[in-house]
Amino acid sequence: MVEILDNIDQREMVINMGPQHPSTHGVLRLELVLDGEIIKKVTPNIGYLHRCFEKYAEQMDDYSKVIPYTDRMDYVSAINQEHGYVLAMERLLEIDVPERVEYIRVIMAELQRIASHLLGIGAFGLDLGAFTPFLYCFTEREKILDIFERTTGARLLYNYMAVGGLMKDVHPEFKTDTADFLKTFRPKIKELNDLLSYNDIFIKRTANIGVLPKQVAINYGASGPVLRGSGVQWDLRKNDPYSIYEKFDFEIPVGMGEMGTLGDCWDRYIVRVREMEQSLRIIEQALDGLPEEGDVTEAVPKRIRPKNGSIYTRSESPRGELGYYIESNNSASPYRVKARAPSFVHLGMLPAISKGSLIADLVAIVGSIDIVLGEVDR
Amino acid sequence: MLNTVKEGWTTFKSIFTGMGVTMRHLFGPSVTLQYPDEKMELPKGARAKLYVNIDDCIGCNLCARACPVNCIDIETVAATSDVDLGKTSTGNPKRFWLTRFNIDMAKCMYCDLCVYPCPTDCIYMVPEYEYSEFDRSGLVYHFSNLKPEMVAEVKEKAEKEAAEKKRQKEEMMRKKAEEKKRKELEKQKLEANKSIKEDDSSSKPENNDS
Amino acid sequence: MIEGFINNLPMITILVHAAIPLTIILVYALVAIWGERKIAGFIQDRLGPMRVGGWHGWAQSIADLLKLIQKEDILPKDASRFLFRFAPFMMFAASYAAFAVIPFSSSYIGSNINIGVFYLLAVTSVLTLSVIMAGWASNNKWSLLGGMRSAAQMVSYEVPTIATVLTVIVVSGSLNLMTVTEMQSGNDILGFLPNWFIFQNPFLIVAFIIFFISILAESHRVPFDLPESESELVAGYQTEYSGMRWAMFMLAEYADMLLLSLLGAVLFFGGWNSPFGEFMGGPAWGFFWFMLKGLLLVFVMMWIRWTLPRYRVDQLMHICWSILIPLSFINLVLVALWEVIFN
């Protein structure tokens, strides 16, 4: 028997997952070294969606022309990307933004956060074979996109925020539209929980899988739901408040290892679900506080020409800490723009947390860290 | 053993809860539209296609400069003094013939940045989204309403006028130069006279302008 | 009368007996594929196919079939040519052959042999072989993984399937499916319930649940669709197939679904027996009731398909070996005890 086993040609199988694979969330290529179905090694290969965002930003002859390109980084949460960029620019130019603008920005950013989490959750379910929750999530996401479309005119890449203000005011029924959405959305979260979150098969597939311990998460520079899923209370909206987030009362949901180990896929997933509820709370408060009157374009500078200097500003995008480093050399175009994309950082953790798991788990892990390849490659 | 039974029970319970949800949806209404038959009503400001109201365009080129992807291509020819192009509906006087105003919708990224700087609000997005083409060149929209022969005529005229103006300008320049020379000569003469008179300023600084 | 006629001409007999299940399978497959898409659509708040053929896109499957016929038959360069070509046909043949012993109506059964159930289970195990064959012959790593998974899965789940079928055999005492069905005629339980096996013995309800879970796994349906789990293995053993060969896999899969559902209907729900006793009885109604029961089970399978995520491969094995198999054997003993004590 031993002889036979010795004579068997035992080889590890190298397999290419992606760039065209149903559950690599775009054009990610993973080089897997497999022993049967057990993963020995994962090497993420990126760059299939590289569009030279940073270099392109330097070529623009106007700072505001960069905004449409920031949309295209993380195309699932375009508003948050713009928000980060205009925040950086406003700090660089020392502009005070009108209160109405801040309120509208917060409402839009939180709506976008819900939309992005819906997509992340739905796609995660899809990776595990649950097709239907994905479409329910999309139905809800469509409603948010409808609000966005009526306000900004676009459904995905909005180019809505301007340095110092907004491109245009919200549409007249914005308040009632959003309030209606809030009303219909709460029961849908419960439905989603029934259908997916607390489904036993789903829990079995996600609990204890892809465990990311607290210390490892911090060491790798994780942020956003991935870090909070590991039990760290870290949310830039609370810990480093920007815009007017310190005015609102909300909680930071963290993973608690309810279904398995702290920091597993289920924790990361449920943090997103609970964050949607918190976003609803923020939107409710912001709708109440939204000033009725005010010109949203009043603080928009005619010409943007910052002095020599540089700035790093971070904001909480649905995926984590989104930072923009902008260096200006007293001309109309930025000298250097660097984006710190959370997805890129999180993708770097993938080899560490997926070693020794099965292919099916790898799919779950990739789904749970919710990367967007547009942001990874930029 | 008891644990297994309990586990099995929670599994079945959660499965049946999920199946209850899908069963409710099975008899629920559909949220989709049967696209070519029914169409979604796009809101007023929807960004789907660029449109230029060429009658209002003054050829200021601001939109082309605002475009991050350079998809707007404008060529203007100054109107000759004998033609009055009238005014736009917003009251701005028109001074240029728009011999070319092309927008390449294949390049356009629908960012709306060209819309804001327009002084006459003549370029804007319209909610029209069904404009696929078999050929990429079909996506280049020509908004200029001048006929080719008209373009040629206008250009010729403009050239003539420009040449005339150039000639006039040159003449002016020449005259000016002559004037300047004359004045300088006079000045030199004057200074020469002065120096003769004073006869003590040897280290006078050189007079240089600009 | 008709039987008397065709029995005189052996060749025609064989052809007719071969053609009837084939027709049923083909018509069913067209309807079921359309139906699955409609059900998926309605569950997901969509409408499903709507355009081909007018009313609710009824001709969609036919259009798909025509499209598949026209597609290029792609053979990968390094594939094992014979096995690659042969696997889909073998798979369909296996599920088709099993239909021979299914009693469609009180007056029609393909082959009234006395080891019907045994034959059916034996023939369907060939499905495993064809899936491995397809996975191996494609010379594709994803296909190979799919084939491996499927081999493990189908071999394992055959055990609880057979064990639960055995429980019914213990009650009925016959391997002939026609006899099994005939034993379930009448409405005697509690005065109104039909004499179906599922009502005869409380342990047979447990047996049915185990049987249903196992046939979900046997026919590769969610939550056990690991061999072709599209989000992990692209399409598993079907990855390299296209056109009609792929259609054969699809057809076989749907046929398998129907076959196992019909087996469930025979074993637990009285086959072609009407639920109302003599009312709406007779061969024609029998066929109707039988198909209705089978299709209801198929519907439940589809309903589950569009609700649940899928298990992981080790969990699948765990469910089979450490839950279903012990449970089904304990259940077998309990059913036997019940039979000894009460009958």
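First the proteins, then the strands, lettered A, B, ... as listed; each starts at 1.
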Please classify the contact between A:Asp200 and chain C as side chain, backbone, both or neither, with a heavy-atom cut-off of under 4.5 Å.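 Nothing of A:Asp200, per the 4.5 Å heavy-atom cut-off to chain C.
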
Does a side-chain N-to-carboxylate-O contact under 4.0 Å join C:Glu36 and C:Arg221?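 Looking at C:Glu36 and C:Arg221, the cut-off is met.
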
Options C:Leu144, C:Val313, C:Leu145, ranked by heavy-atom pairs under 4.5 Å with chain A, top entry: C:Leu145

By a 4.5 Å heavy-atom criterion (distance strictly below it), what part of A:Tyr136 contacts chain C: side chain, backbone, both, or neither?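 Just the side chain, heavy atoms under 4.5 Å.
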
Under 4.5 Å heavy-atom distance to chain A, tell me which part of C:Gln44 shows up: side chain, backbone, both or neither.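 Both parts, heavy atoms under 4.5 Å.
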
Max heavy-atom pair count under 4.5 Å with chain C, selected residue of A:Leu135, A:Ile201, A:Asn199: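 Option with the top pair count is A:Ile201.
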
Is a salt bridge present between A:Glu140 and A:Lys143, judged by a nitrogen-to-oxygen distance below 4.0 Å? yes

Output yes when A:Glu275 and A:Arg228 qualify as a salt bridge under the 4.0 Å nitrogen-oxygen rule, no when they do not. yes

Suppose a student defines contact as a heavy atom less than 4.5 Å from any heavy atom of chain C. Which residues in residues 364-372 of chain A would they list?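 Result: none.
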
Under 4.0 Å between a Lys/Arg side-chain N and an Asp/Glu carboxylate O for C:Arg305 and C:Glu253? no

Among side-chain atoms of C:Trp321 and C:Ser156, is any donor-acceptor pair under 3.5 angstrom? yes

Tell me, side chain or backbone of A:Ile203 under 4.5 Å from chain C's heavy atoms, or both, or neither?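 Neither; nothing under 4.5 Å.
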
Does C:Pro49 offer a backbone N or O that forms a donor-acceptor pair with the side chain of C:Lys38 under 3.5 Å? yes

Once side chain to side chain donor-acceptor pair (under 3.5 Å) is applied, do any residues pair with A:Arg155, and if so which ones, sequence neighbours excluded?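 Side chain to side chain donor-acceptor pair (under 3.5 Å) check on A:Arg155 returns A:Glu142, A:Asp146, A:Glu149.
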
OH-CG distance between A:Tyr48 and A:Leu373, expressed to the nearest 0.5 angstrom: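 It is 10.5 Å, given to the nearest 0.5 Å.
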
When you measure from the centre of the six-membered ring of A:Phe138, is the NZ or CZ of A:Arg141 under 6.0 Å away and within 45° of the axis?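 Here A:Arg141 passes the 6.0 Å and 45° test against A:Phe138.
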
Need one label for A:Leu362: side chain, backbone, both or neither, based on atoms under 4.5 Å from any heavy atom in chain C. neither

